[in-house]
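Atoms considered below: every heavy atom in the structure, side chains included; atoms not considered: hydrogens, waters and symmetry mates. No experiment lies behind these values; they were computed from the predicted model shown. Within every chain, numbering begins at 1; the chains are lettered A, B, ... in the order of the sequence lines, protein sequences first and strands thereafter.
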Protein chains: 2
Amino acid sequence: MPPRKRASSGAGADADPGSPGRPPAGELPARLRSTDIARLAGVSVAAVSIAVNGRPGLSDATRKRILDVANELNWRPHLAARALKGAANDVVGIVIARPARTLGVEPFFAQFLSGLQSCLSNRGIATQLLIVEDTETQVAVYRRWAAENRVDGLVLLDLAVDDARPRLVADLGIPAVVLGSHGNPMPLTSVWVDDHAATARILRHLVALGHRRIGHVSGTVAYQHTQRRLRAIEDVRDSTGIEVTSIATDYSDAQGASATRRLLEANPRYTAVVYDNDVMAVAGLGVATEMGIPVPRDVSVVSFDDSVLTTMAHPSLTALTRDTFALGTLTATELLRVMAERPAPRPVQAPTPQLVIRQSTAAPAER
Amino acid sequence: MPPRKRASSGAGADADPGSPGRPPAGELPARLRSTDIARLAGVSVAAVSIAVNGRPGLSDATRKRILDVANELNWRPHLAARALKGAANDVVGIVIARPARTLGVEPFFAQFLSGLQSCLSNRGIATQLLIVEDTETQVAVYRRWAAENRVDGLVLLDLAVDDARPRLVADLGIPAVVLGSHGNPMPLTSVWVDDHAATARILRHLVALGHRRIGHVSGTVAYQHTQRRLRAIEDVRDSTGIEVTSIATDYSDAQGASATRRLLEANPRYTAVVYDNDVMAVAGLGVATEMGIPVPRDVSVVSFDDSVLTTMAHPSLTALTRDTFALGTLTATELLRVMAERPAPRPVQAPTPQLVIRQSTAAPAER
DNA sequence: CAGGGCGTCTAATACGTTTTAGTAGAATCG
DNA sequence: CGATTCTACTAAAACGTATTAGACGCCCTG
C-alpha cells in the first residue's frame, strides 16, 4: 500500500474521515501546512518560508500575496517543524526548587517573573516554569531540557553556596543568566545586587541612631546572598565594634517570630532587630507588640525586603526597597543578549536597594 | 556535492571541529540522535523509539540494553522531532492580561500557579506563561499558539462578563479549563467557586452581629466573579432588608483607601465594610485607624481574600479563606483529564471559601 | 511436516518546515 | 552579441523522531 496521502486539493471523496467511535468534541480541523499556502498563493513552499521569515529574495508583490494568504487563513509555521530545523523555540525556562506552597508568600518571585516576562513578551518569548522539590531534580530537569532542546535560555535563581548549576548549565551549552552570583570563576553571565553595601546601609542607619546591640534574623544560610549579608555584618562589626547577633531561620513567619522572642528576651535586650525578609519582620513586629515592647521606642525594626506588608504594618517598617520588577526586566535584557550574541560571561550590577526610613526605627531608649 | 554527513562512529579524525574563529564559549556538543543510541546498542532506530516510549514489542534484554545506553549518554528524544510526529509537547499555557506590575501584589496568582505546577510537574508538564497588556493581544496569542501547536492545554483566568475567550479556545480545539465561570452555554470545562454562598456567608455573619448598614468595596465590575458577588449582595439585601452600598474600585490599595474614606465619612456611618481583596482591606483598616475610628468597636472590617496580610494586620482581619494552592491543583487535575480524554465540558465545583472570624468584626457600637 | 501465530526486530516513510543549490530569464557590460 | 551578473523563484535535501508494514525465526498445532 502506498503511504497514506492527505486529501489534497483534488477530488475530496472523504469529507470527514474523523473517528466515528469517539462521540464528543472530536473534530480535527486538518492543520494547514505551508504547502497549502503555497498552492493558494501559486508559489512554492520555499517562497512561503522566505516570505513568512522576512528574508530577502522575493519580489514585493509575491511576498505580499503570500503573506495575505497566510494571514487570511491564520496560518503560522508549525513550531515543532521549525524547531527541528534548528530555529529558536522562543521559550526561556525557570526551574525553582522550593516547597511549592511557599511560592505565593513572598511577592519577590511573582514580581520578578512579571518583569522578566514583560520584557520577553516584546520578543514573543514565553517563560516556561517548573517547580520541583529539591536541587537534584532541578539539575535533572536542566539536563532533560538540554537534551530535548526545550528552551532557548535559562534563568537561575536562589543560588546556593557551591551551587553546581552554573557550571552544569554552561557545560550543557544553554544560554543562561544567574541572578545573584558574581563569584569566581563565573561560568555564566550574572545579574547581581550589592548585598554588602545594602547591609552596611542598614547598619549605618541603626548605628547613627545610637544602636550598639543589634539582632539579625537571617534567612537560610545555604544561600549565597545570605552569606554575603553575614559577611557584611561581620565587616561592620569589625570596623565599628558594635555587637550584632545573627539567628538563622528558614524565612518563615514562625521562625521569624521565635527568633524575635529570643532576641527580645535577652538581657541586656537588643535595641534593634534586622530581618532578612518582610514576612519575618512583620511577624517580629507582632511579637514585640504582644510582649508589650513598643516599636520603635524600645526596639527598632528593619526589613531587608520592602512590600505592601512593610508599608501597611503599624508602625510602618523601615526597609530596603528595590524595584524587583526592574530586576526582572534587567535579567531578561541580559538573557536576550546572551541568547543572541553568546558573549563571554560577565557580571551585571543591578541598582543597590535603597533604605526607606519609616516609623519603625528610632534612637534607642535611654537606660 | 553529496549531502553533508555527520561524523559517525568510524575513524575519528575530527576530535574538535568546533569553530576556531569564535573565541568565547563556542563549543557545540554535537547533539546525540536516536541513530547514535541505536548504533551503540546494536539495534535499529525503531527499536530505540519503542524502548524509550515504553511500548510493547521488544524483549526485556534488548529494551534494557537500549535504555542503559540512552541513560548513560543522557539522551532524550528531541522534543521538536517528537512533537512533529504529533506527540504532546508537555506544556500548558497561561496568558494573563493585566498590567504586569500588579501581578506581584496579590498572592493569589503565585499561589494558584504553584498549585497548578506542583500537580503538572508530576507528569513532567511545564507551564508556559505570557503576560500581555490587553484582551485583544490575549486572543491573538491563543490563535498563534494554536496555529503553532505550542501548547497541549490552556488555563483561562480572570473571566470578564461576556468573555469571548472560552468560545474561541473551544473552537480552536485546544483542551482548556476556565477558572471561575459556570455559565450557559459552557464551551469549556470550568472550575468554579460558589461566590454567591461565600458572599452570603460574610453578610450573615455581620447581620448576626447586629449590623444593618454595610459598605462594600468591590473590585472591577468587568469580572464575572465581581458580578456574582454583587448579585449575592442584592439577594441578601432583598431578603433581609439591610442596607448595603457597593463602591467599585480597581483592587488597588489607593482606591480601597479612598472608598473607605467615603464610607466612613457618610452619615449615618456604615458600621461594617467588606472588601473584595486583602490589599484594600488592610488599606481600609489603615484609613479607619487614621481617622480615629477604632476597629472593630466603631467599624467592622471583613476581607474576601485571606493572606499573610490579613493575619498580620492589627487587629487581624476576619476574612474568607480558601486554599488557593489546592484550587491550582484541582484545576490542573481537571486540565489533565480534559487533555487525556476530551470529555464534554462540565462544571467542577471547588470548595466554598470559609469565613475565619478574627479580631476585626464585632457587634456595632450602641448609639 | 505444512502452516498459522506469535515474539522480535528492521527498513522505509511521514511529520512540516528551512535551507541549499540551482534554473530560467532579464539586465548589464565590454 | 556572447558572457556575466542579477533577480525571482523552485526542487530537493535535510532536521530527528514515530510508526507502519513486513521480515525472520521459533513454537505450537493438527
Report task. Just compare C:dT10, D:dG16, C:dT17 and give me whichever is closest to any side-chain atom of B:Val43. Result -> C:dT10

Query raised in the report: Got a salt bridge between A:Asp68 and A:Lys64, using NZ or NE/NH1/NH2 to carboxylate O under 4.0 Å?
Result: yes

Requested in this report: For the residue pair A:Val91 and A:Val151, establish whether any side-chain heavy-atom pair is separated by less than 4.5 Å.
Outcome: yes

Report summary line: Between CZ of A:Arg39 and P of D:dT10 the distance, given in whole Å, is 15 Å

Query - Whole-Å distance separating the CG atom of A:Leu32 from the P atom of C:dG16 - result: 11 Å

Query raised in the report: Does the side chain of B:Leu73 come within less than 4.5 Å of B:Leu40's, by heavy atoms?
Result: yes

Query raised in the report: Tell me: CG of A:Leu58 to C1' of D:dT7, nearest whole Å?
Result: 11 Å

Query raised in the report: Does A:Glu148 come within less than 4.0 Å of B:Arg82, counting only side-chain N to carboxylate O?
Result: no

Report summary line: Here the distance between atom P of C:dC15 and atom CZ of A:Arg33, to the nearest Å, is 7 Å

Report task. Could you check if a side-chain atom of B:Ile125 sits within less than 4.5 angstrom of a side-chain atom of B:Leu336, using non-hydrogen atoms only? Result -> yes

Query raised in the report: For B:Asp90 and D:dT17, what is the distance between atoms CG and C1' respectively, to the nearest whole Å?
Result: 15 Å

Report task. Take atom CZ of A:Arg144 as the centre, draw a 6.0 Å sphere, and report whether it contains more than 12 heavy atoms from other residues, nucleotides or ligands. Result -> yes

Query raised in the report: What is the distance from CZ of B:Arg76 to P of D:dA18, rounded to the nearest Å?
Result: 13 Å

Query - For atom NZ of A:Lys64 and atom P of D:dC9, their distance in whole Å - result: 15 Å

Query raised in the report: Just how far, in rounded Å, is P of C:dG16 from CZ of A:Arg31?
Result: 8 Å

Query - Neighbour count >12 (heavy atoms, 6.0 Å) for atom CG, B:Asn122 - result: yes

**Report entry** Which nucleotide in C:dT8, D:dC15, C:dC15 has an atom nearest any side-chain atom of B:Leu84
**Finding:** C:dC15

Query raised in the report: Counting only side-chain N and O atoms of B:Thr62, is one of them less than 4.0 Å from OP1 or OP2 of C:dT8?
Result: no

Can you check nucleotides 18-20 of chain C for protein contacts, nitrogen or oxygen pairs under 3.5 Å, and list what you find?
unit_1: C:dT18; atom_1: OP1; unit_2: A:Asn53; atom_2: ND2; d: 3.0
unit_1: C:dT18; atom_1: OP1; unit_2: A:Arg82; atom_2: NE; d: 3.2
unit_1: C:dT18; atom_1: OP1; unit_2: A:Arg82; atom_2: NH2; d: 3.1
unit_1: C:dT18; atom_1: OP2; unit_2: A:Ser49; atom_2: OG; d: 2.8
unit_1: C:dT18; atom_1: O5'; unit_2: A:Ser49; atom_2: OG; d: 3.4
unit_1: C:dT18; atom_1: O2; unit_2: A:Lys85; atom_2: NZ; d: 3.4
unit_1: C:dT19; atom_1: OP2; unit_2: A:Arg55; atom_2: NH1; d: 2.8

